[in-house]
Student: 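The structure under discussion is supplied below as structure tokens; questions concerning it will follow.
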Amino acid sequence: MSLINKLNKAFDHRIRLGIMSVLVVNDHADFKELKELLDVTDGNLASHAKALEKENYIRVEKSFIGRKPNTKYIATDVGKLEFKKHIEALEKLIGG
Amino acid sequence: MTNDKYLEDIKEIKSLMNKSTRFISLSGMSGIMAGVYALIGSVIGHFIIQNAYEKGYRDTVNTLFETPWAQNPSLQIVAVATGVMFMAVITAFFLTRSKAKKYKQKVWTKQSLRLIANFMAPLSIGAVFTLVLLQYNLLGLVAPAMLVFYGLACMNAAQFTLGTVKYLGLSCAILGLINTQFIGYGLYFWAAGFGLCHIIYGAVMYYKYDR
């Protein structure tokens, strides 16, 4: 059971896992890109992003490109570290 | 058991990391076609050179644009090479577009633009360098330089697309270096690099990713 405890509850969802996967290998990603990559609805993505933001795993930057609002997501150092630990736990579970 | 769910998670992570950083719709078939065009171009080039040799046409960079077309093998070869490149780019675009459609991806994404930018940067520098070689009449080094810089461009772009491209680039660059020791045989090295290598690596990509 102890192995499973190492899994991070915050990542225990396909969409959150997806957001983190994209953000750890890219400097940043905007809302539209994430939406297309993960193939999810606006509301769904927004609420899961919010959950990750609350944990301080991702950072949100809002700006304007011309007149259009643009939301940019960036993984924080804490987020990257926690995600790495989560993947290692996953790999151990499968390997063991 | 739940193991399957974790395995699914890992697969999903891997696929998203790949999809968000690499442009994976690059068509392998377009590599094969580019190679075929290059081989056809090389055969035409061979006849141009043979014809020029028999009739004793010679030209230098200084007279490149003053010699009449029919007696100007260099200009003819440049025209054939440009044609090959043009055909290859057009074919690559259409085949890649249809592959992207099949996988429900877009052609003009951040990933593909980054790929093009990282391919064009070394290639443009190489193009300018090649023009400088022409300026100093170092004609023998033009063919090797083009192979070397094309190879470097592929190696640089490979990190943003299918990994096979890296080995295509490496092969072309090495062929270019070998070519520097066999000046005057540029056409054969072009046939090997732009022709054979593209067909081989295009086929590998086709079997690995397109089917």
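Reckoned from all heavy atoms, side chains included, excluding hydrogens, waters and symmetry mates. So you know, we letter chains A, B, ... as the sequences are listed, proteins then strands, and number each from 1.
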Student: Examine A:Phe83 together with A:Phe11 and report whether their ring centres are nearer than 6.0 Å.
Tutor: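 Distance test on ring centres: under 6.0 Å, yes.
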Student: Among A:Lys80, A:Lys84, A:Lys85, exactly one meets salt bridge (Lys or Arg N to Asp or Glu O under 4.0 Å) together with A:Glu82. Which residue is that?
Tutor: A:Lys85
Student: In residues 40-68 of chain A, which residues are in contact with chain B at a heavy-atom separation under 4.5 Å?
Tutor: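 Against chain B, none of the residues of residues 40-68 of chain A fall inside the cut-off of heavy atoms under 4.5 Å.
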Student: Write down the atom of B:Ser27, the atom of B:Thr96, and the distance for their closest heavy-atom approach.
Tutor: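 In this case the closest contact between B:Ser27 and B:Thr96 is N-OG1, 3.5 Å.
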Student: Where on B:Lys14 is there a heavy atom nearer than 4.5 Å to chain A: the side chain, the backbone, both, or neither?
Tutor: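 Looking at B:Lys14, nothing touches chain A.
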Student: Can a donor-acceptor pair be found, under 3.5 Å and without considering hydrogens, that links the side chain of B:Asn156 to the backbone of B:Asn118?
Tutor: yes
Student: Would you name the heavy atoms of B:Ala145 and B:Thr130 that are closest together and state the gap between them?
Tutor: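 Smallest interatomic distance, heavy atoms only, reads CB-OG1, 4.3 Å.
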Student: So, for B:Ser25 and B:Ala100, which heavy atoms are closest and what is the spacing to 0.1 Å?
Tutor: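 Distance-wise, the nearest heavy atoms are OG-CA, 3.6 Å.
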Student: Enter the distance from B:Leu115:CG to B:Lys110:NZ here, rounded to the nearest 0.5 Å.
Tutor: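 It is 14.0 Å, given to the nearest 0.5 Å.
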Student: So for B:Arg114, is it side chain, backbone, both, or neither that comes closer than 4.5 Å to the heavy atoms of chain A?
Tutor: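 For B:Arg114, the side chain is the part near chain A, not the backbone.
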Student: Quick check for you: among B:Ile13, B:Asp9, B:Thr109, B:Ile10, which has the greatest number of heavy-atom pairs under 4.5 Å with chain A?
Tutor: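 Highest number of pairs under 4.5 Å: B:Ile13.
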